[in-house]
Structures are given as structure tokens and as C-alpha cells.
Undergrad: 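This is the structure I want to talk about, given as C-alpha cells.
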Amino acid sequence: MMTNIVETIKKQIDNVVRSAVSKAVKKEELPSFEIEEVTVETPKEKTHGDFSTNIAMQTAKFAKKAPRQIAETVVNNMEFSNTYVEKVEIAGPGFINFYLNNNWLYDSLKEVQKKRKEYGRINIGSGRKVMVEFVSANPTGPLHMGNARGGALGDCIASVLEKAGYDVTREFYVNDAGNQIGKFGISLEARYLQLLKGENAVEFPEDGYHGDDIIDHMKNYVKEHGDKLVDVGSSERQKALVDYALPKNIERIKKGLQEYGVNFDVWFSEQSLYDSGELKETLDYLKEKGYTKEDKGALWFKSSLFGAEKDEVILRNNGVPTYFLADIAYHRSKFLKRKFDWVINLLGADHHGHVSRMKCAVEALGVNPDKLDVVLFQLVRLYRNGEIARMSKRTGKAISLTDLLEEVGRDAARFFFNTKASGNHLDFDLDLAVKKSNENPVFYVQYAHARICSMLRLLESEGVSVPEINSVDVHLLDKEEEIELLRKLSQYPEEIKLAAQTLEPSRLTRYVLDVAAAFHSFYNACRVKGEREELMKARLLLVDSTKVVIANVLELLSINAPEKM
RNA sequence: CUGCCCGUAGCUCAGCUGGAUAGAGCAACGGACUUCUAAUCCGUAGGUCGGGCGUUCGAAUCGCUUCGGGCAGGCCA
């Protein structure tokens, strides 16, 4: 089955080269040597052919011959039957350049038409179970820009892996236990008492949550339940208030993410690790294995046994588990209880210190730490009027995901957060994101799609619809702009593969921009309507295929592909 | 002090498991609408790849070093 034409061609070239080499060796034109890998790449310069290999330079040392001489020998022994290769040239220091006939492009056009919505799906994952855990925002407050970037990035990584043939689970780790929930309770309690007994009745804790949302929660609580908690004990009061506010926060987070187009399969509760006994089991396991030590009244995980520089506290001297212990139990659940083959965690770059100790912990659990990948993404800076924007125009408070969606919309947000590699800082220009012009890449791509839809509508109204591929002479597509566009379309499965391998969906936003650009160029150079029928049909097919590819990429990114603009 | 990330055109960024003349978008400048959406296209200009040393046939890419920016280094998460 041909799912990825580019890969097929690379395999063909690989075969051609290997058999040519072994033939030459047999004829003793070359000394015998091992080829580890035939690297096949697409040259930057079009005049250097469609694909090229540097095998002659790589093997020059073993063969003890000049690269160009090796290349010549190899080329003389090549066989091209049943391949797309049309001719071969030796160039530069010893590159072997392959020039293909256009059939590979026409074949890939057939693929697009045959697969439609499924075009781009590949199977490098072979159904392996992978979990992508992302956002996992602290449920004590609203979603911030870091969560917004993490959400767009994580969701797209998950989508890319699904397209690449993995069995993907999107998971949100709800930190509903531990220290920050304690602080949440103290903060709620303080606001509650301030509301009922006056501002000065209690002092608000310095390290509490100062946001207005805490006050709003308590105003609502008082409205609904009055002062019934004023006279009960503090811990009971805090618990009641947390039980009231926390589910509301989690609901709000769910709703916000839904509007953002991010839907999780699993909302995993940290508290459940305590309730189910898994946390204790994990602790017992670590102790039993001798991976722990006691020091200064606390219990430590000896991460130094696994190459780390220092050990980590897992039980404080007051007996309370740390977040890290819960996280170890959590990863035990991911790997050992739920049997994921691969786990990907998204983390803001400010948490990078967590990565190496987590890997140590995974190793301590008896799991190959390579099965854990942590994608660190750098922080976001918002710009408005050329200046750094921190506050929402409407609320005057820190800009939340909800504010962002209100200001620029989901399409722009999802697109912009995926324009840069995760390891780079991201400047988000709020003015640009809403601009309806060619400066704004989102509109550039959406416009291409809408333009195509408009063309198809017009032709449809004249009784011309997209033809069956078998009734079309695709060889008529041979103008430069047509070939360029075909090339771009044929690249999609390969793009999915690369995005999956590098966990970098930003290459897909670049790719879809390229497709849109190739289309716009084609549009200005070639007409569809009004051409003679055979040519019109062929071009119509190309245009329709472009629409399919753009729509597929946008769907993967959770961005609308509008039919009209 | 130590560790991680980043430094490429005026701006925002690709390229980084070493390859041929370092790419794109925006901004700038000059062109293209009697015909399928000009929210578009075509062209021009723009660079000591932060600096230095090394590795080799070959370095933006790898190593060392240095400078500049960001972030970490809690019995916080």
C-alpha cells in the first residue's frame, strides 16, 4: 500500500544504490564495504534534481577512492526499472542527483483523491499506546497564557500522533490534592470571613491566592449558603469551601478548553492516588527496593542512584507527601497500571528542573526512561500596539485564555501558538492576529481555502463538478506552478511523519502556509474555468485536491476551513 | 556560582542526526485586476548565521571557549 510517496521514492533510491554498489563490488570495481544507511534528501536547489544522495562522499574513506570516482562507478551499475527515476547526474564533490519523471506527482494526486479526509494518515505508530499529558493547570485559578500555549501545542502533538498511527490518550492531571489545595482553602476561608465579619476581621495570608476569583466564589457561596460556616472549626470550614469552589473551577477550565477546541479523554485526579492506595504502594515499593533514605526527619528518594546530582524529599518531616511522590505514583499509574508504551508530558520551560528527577523516578519504577518524553515550551509574551500587554482590556486583570479567545478568536490563537518551535519564546501580536490582510498568516491560509470553495461553487453552478480521477488526463498538469503545487501536496504524509518524530507540530503551520502560497501562485498563473475541457478537468482535480489537503491540515490544528470569506 | 533554552536579513522565524550559491513571511521599493475572491500574484533589494578556536574533503549545523538575552537551582508545584 502506498501511503507516503516520498518515502516510497526514498526506498526506491535506497534499493537502486544498494544493488548498484553490490554489483560493483562483485565486479571488483569497488572494494567491499558496508553501507549503514543511504541518506536520501531533497536538494535545496531545484537544478540539483528531485532527490540526491551523498553516499559517495560518505564511503570515500572505506573505499579509498575519490568520491566522484565512486559515484561514477555506482551510477554505471544502476538499474531503474520499476522506479520513478528518469535520469541521474553526478554533481559537485560527488553528489548523485536523481531526476524523476512526473508520475510520482500524478500518483500522489491519485492518493489524495482516493483517501480524501484520510490523506496524510500514516502508520509509524502501529497502534502503540501513547499518552499526551498537557495543560494540567492548577485548578485554583483561571487558565493563563502558558496553559494556552501548552493546550494548543499538546492537542496538536496528540493529533499528529493519531494521524501517525498511535493510539493516543489526552490527559489532564488535576492537582486536587496537596499543598496548593491547602492554600486554596486558607484563601477561600479568609475571604469568606472577611465578607461576613469585615475586611479587618482576619488578615489575608501573604502566600494565599490573591485573585478576585477567590472573592467571587465566596460572594456566591454566601449568597447560596449564608453564614453557616462562621462558627464551625477551621479545617471543616476550609474543606467545605474547597468542596464548593474546586469543582466550579474545574468545570470552568473544562469549558474554557472546550471552547478552545481542546478535549481531554481523561481527567486524572491527584487525590485519587491517595484514595486508591497507589501512593502508598509506590512509597512501599521505593522503600523496599532501597531507593529511599531518612535524613533530618524527612524521607528522601535517592535519585543519585540513577545519575542525578542530588536526592529529593518525598515525605516531609511532618509526614506529608510531596508533589514529587504523587508524581511518581502518577507515572507508575501511566506506565505500569495503565500500560502506556510512551508517555509525553508538556511542561512550561520554567519547570525544566523537574525533568531529570522524573526520569530517575521512572527508571526506579523499572521502566526505560526513554519512554518518557518531556516537551518543554518557552513562555509567551503578548504584544498590543507594539508593547508588551499584560492586562486584559476588558477586565484589567491578567489576560486569561477566555480573554484571549474573546479578543482574537480560536483560529488565530491555535495557529499562532503553533507557529514556532516549542523551545522558542513566542511573541504573540494581538493586533496582527485579528488583522484581515496578508500580514496575517491565518487569513492567508483560510483565504486560499475559501477561494477554492468559491471556484468550485461557481463551476458547480454551471454544471461542472470535480471529475473522477480515472476520467482525467493528469499528464496535462505540467506547468511550473502546477508541478510546484503537486509537489507540496505530495509532501503531506512526510510532514506528518516528521512532525510526529520531532513532536513539533509547528512545521505543519509552515507547511500549510507553503501549500496556500503554491496555490495562490497557481491561481494567478493558470485558469480553470474557461480552459478547454480536458485541461479544465485536470486543473479542477488539482484545485480540489489542494482544498482537501488544506482542510485536513487545518482540521488537525483545530482551525476552521471557511467556505466563504 | 551551577544547570537548561535561545542568539541566522530592519522585524518575526525556518534550516541544526555536517553537504552544493544560507531560506521564507512581514516591512521597504517597482509592477499586475474587461475573465474563476487583488484578503492575491510577479519582481527588486536586503546576511562577517553573536565573536573566537578546533574537529574534516566540507561547519549555521558537531566540540571547546567567550559575550549577550531568558529560565531554573525550596521539606513550593
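Every chain is numbered from 1 and lettered A, B, ... according to where its sequence line falls, protein lines coming before strand lines.
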Undergrad: May I ask you to check whether A:Asp411 and A:Gln446 show a side-chain donor-acceptor distance below 3.5 Å?
TA: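 There is such a pair between these side chains.
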Undergrad: Taking the side chain of A:Arg510 as heavy atoms from C-beta outward, which of B:A14, B:A72, B:U40 is closest to it?
TA: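 Within the option list, the nearest is B:A14.
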Undergrad: What does B:G58 pair with, Watson-Crick or G-U, if both distances are under 3.5 Å?
TA: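 Answer to the pairing question: none, since B:G58 forms no Watson-Crick or G-U pair.
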Undergrad: Less than 4.0 angstrom between a side-chain N/O of A:Asn179 and OP1 or OP2 of B:C76, yes or no?
TA: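 Yes, A:Asn179 has a side-chain N/O under 4.0 Å of OP1/OP2 on B:C76.
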Undergrad: What does B:G46 pair with, Watson-Crick or G-U, if both distances are under 3.5 Å?
TA: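 Matched B:G46 with nothing under the 3.5 Å cut-off.
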Undergrad: Classify the ring geometry between A:Phe134 and A:Phe264 as parallel (under 30°), tilted (30 to 60°) or perpendicular (over 60°).
TA: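 Tilted: the ring planes of A:Phe134 and A:Phe264 meet at 30° to 60°.
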Undergrad: Can you identify which nucleotide, out of B:G73, B:A39, B:A14, has its nearest atom closest to the A:Lys310 side chain?
TA: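 Taking heavy atoms from C-beta onward, the closest nucleotide is B:G73.
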Undergrad: Can you say whether the rings of A:Phe301 and A:Tyr291 are parallel (under 30°), tilted (30 to 60°) or perpendicular (over 60°)?
TA: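 Geometry flag for A:Tyr291 against A:Phe301: perpendicular rings.
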Undergrad: Counting the atoms with a prime plus P, OP1 and OP2 as sugar-phosphate, which does A:Asn97 contact under 4.0 Å by heavy atoms, base, sugar-phosphate, or nothing?
TA: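 Counting heavy atoms under 4.0 Å across all strands, the contact made by A:Asn97 includes a base.
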Undergrad: Which label fits A:Tyr447 and A:His520: parallel for a plane angle under 30°, tilted from 30 to 60°, or perpendicular past 60°?
TA: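 It falls in the parallel class, under 30°.
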Undergrad: Quick one about A:Asn54 and A:Thr39 (side-chain donor to acceptor, distance below 3.5 Å, no hydrogens or angles considered), yes or no?
TA: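 A:Thr39 vs A:Asn54: donor-acceptor pair found between side chains.
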Undergrad: The side chain of A:Ala91 lies closest to which of these nucleotides: B:U40, B:C75, B:A20?
TA: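 Of the options given, the side chain of A:Ala91 lies nearest B:A20.
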Undergrad: B:U40, OP1 or OP2 - any side-chain N/O from A:Ser521 closer than 4.0 Å?
TA: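 Result: no.
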Undergrad: If you assign A:Gln58 and A:Ala517 each to the RNA chain B nucleotide with the nearest heavy atom, which residue ends up on the more 5' nucleotide?
TA: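 This one resolves to A:Gln58.
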Undergrad: Which nucleotide in the list B:C36, B:U40, B:G19 gets nearest to the side chain of A:Lys529?
TA: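 Looking only at side-chain atoms, A:Lys529 lies closest to B:C36.
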Undergrad: Starting at NE2 of A:His354 and ending at C1' of B:G74, how long is that distance when rounded to a whole Å?
TA: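 Whole-Å distance recorded here is 14 Å.
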Undergrad: Starting from C1' on B:C4, measure out to CZ on A:Arg357 and report it in whole angstrom.
TA: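 In whole Å, B:C4 C1' and A:Arg357 CZ are 14 Å from each other.
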Undergrad: Look at all strands and tell whether A:Arg527 reaches a base, only sugar-phosphate, or nothing, counting heavy atoms closer than 4.0 Å.
TA: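 Base contact - A:Arg527 has a heavy atom under 4.0 Å of at least one base atom.
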Undergrad: I'd like to check, for A:His48, whether its ring lies over the base of B:A20 with centroids under 5.5 Å apart and a plane angle smaller than 30°.
TA: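 By the stated criterion, A:His48 and B:A20 stack.
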Undergrad: In terms of the nearest nucleotide of RNA chain B, which residue is placed more toward the 5' end: A:Arg381 or A:Glu41?
TA: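 Result: A:Glu41.
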Undergrad: When you get a sec, tell me which of B:A39, B:A72, B:C75 is the closest nucleotide to the side chain of A:His352?
TA: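 Nearest to the side chain of A:His352 among the choices is B:A72.
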Undergrad: Please confirm whether the shortest side-chain N or O distance from A:Arg539 to OP1 or OP2 of B:C36 is below 4.0 Å.
TA: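 Answer no for this pair, as no side-chain N or O of A:Arg539 is under 4.0 Å from OP1 or OP2.
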Undergrad: Look at the side-chain N and O atoms of A:Arg316 and state whether any lies under 4.0 Å from the OP1 or OP2 oxygen of B:C76.
TA: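 Yes.
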Undergrad: Would you please name every residue forming a side-chain contact (heavy atoms from CB on, under 4.5 Å) with A:Ala518, sequence neighbours left out?
TA: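 Only A:Leu485, A:Lys488 meet the side-chain contact (heavy atoms from CB on, under 4.5 Å) criterion with A:Ala518.
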Undergrad: Would you mind classifying the nucleic acid contact of A:Cys526 as base, sugar-phosphate or nothing, using non-hydrogen atoms under 4.0 angstrom?
TA: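 Since a base atom lies under 4.0 Å of A:Cys526, the category is base.
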Undergrad: Tell me whether the side-chain N/O atoms of A:Asn424 come closer than 4.0 Å to OP1 or OP2 in B:A14.
TA: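 A:Asn424 to B:A14 OP1/OP2: side-chain N or O found under 4.0 Å.
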Undergrad: Of the nucleotides B:C71, B:U40, B:U37, which one has an atom closest to the side chain of A:Ser454?
TA: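 Closest nucleotide to the A:Ser454 side chain: B:U37.
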Undergrad: Parallel, tilted or perpendicular: which fits the ring planes of A:Phe522 and A:Phe519, with parallel below 30° and perpendicular above 60°?
TA: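 Tilted.
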Undergrad: Looking only at the side chain of A:Asn54 (C-beta and beyond, no hydrogens), which of the listed nucleotides B:C75, B:C41, B:G19 gets closest?
TA: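 Among the listed nucleotides, the one closest to the side chain of A:Asn54 is B:G19.
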Undergrad: Tabulate protein N/O versus nucleotide N/O from nucleotides 10-12 of chain B, keeping only pairs under 3.5 Å, one per line.
TA:
| from | atom 1 | to | atom 2 | distance (Å) |
| --- | --- | --- | --- | --- |
| B:U12 | O3' | A:Lys420 | NZ | 3.2 |
| B:U12 | O2' | A:Lys420 | NZ | 2.8 |

Undergrad: B:U37, B:G19, B:C75: which one has an atom nearest the side-chain heavy atoms of A:Phe95?
TA: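 The listed nucleotide nearest to A:Phe95's side chain is B:G19.
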Undergrad: Under 5.5 Å between ring centres and under 30° between planes: does that hold for A:Tyr444 against the base of B:A39?
TA: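 Taking the rule of under 5.5 Å and under 30°, the ring of A:Tyr444 does not stack on B:A39.
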Undergrad: Return the pairing partner of B:C75 with a 3.5 Å limit on both distances, Watson-Crick or G-U wobble; otherwise return none.
TA: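 WC or wobble partner does not exist here.
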Undergrad: Taking atom types as they are modelled, is there a donor-acceptor pair under 3.5 Å from the base of B:A20 to the side chain of A:Ser52?
TA: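 Pair found.
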Undergrad: Out of B:A77, B:A39, B:U40, which has the shortest distance to the side chain of A:Arg451?
TA: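 So the nucleotide nearest the side chain must be B:U40.
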Undergrad: Which base sits across from B:C4 as a Watson-Crick or G-U pair, both distances under 3.5 Å?
TA: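 B:C4 is paired with B:G70.
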Undergrad: Side-chain contact, heavy-atom cut-off 4.5 Å: A:Phe417 with A:Phe428?
TA: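 Heavy-atom side-chain distance check passes, below 4.5 Å.
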Undergrad: Look only at the side chain of A:Asp176 and the backbone of A:Ser269, and say whether a donor-acceptor pair between them is shorter than 3.5 Å.
TA: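 No; zero donor-acceptor contacts below 3.5 Å.
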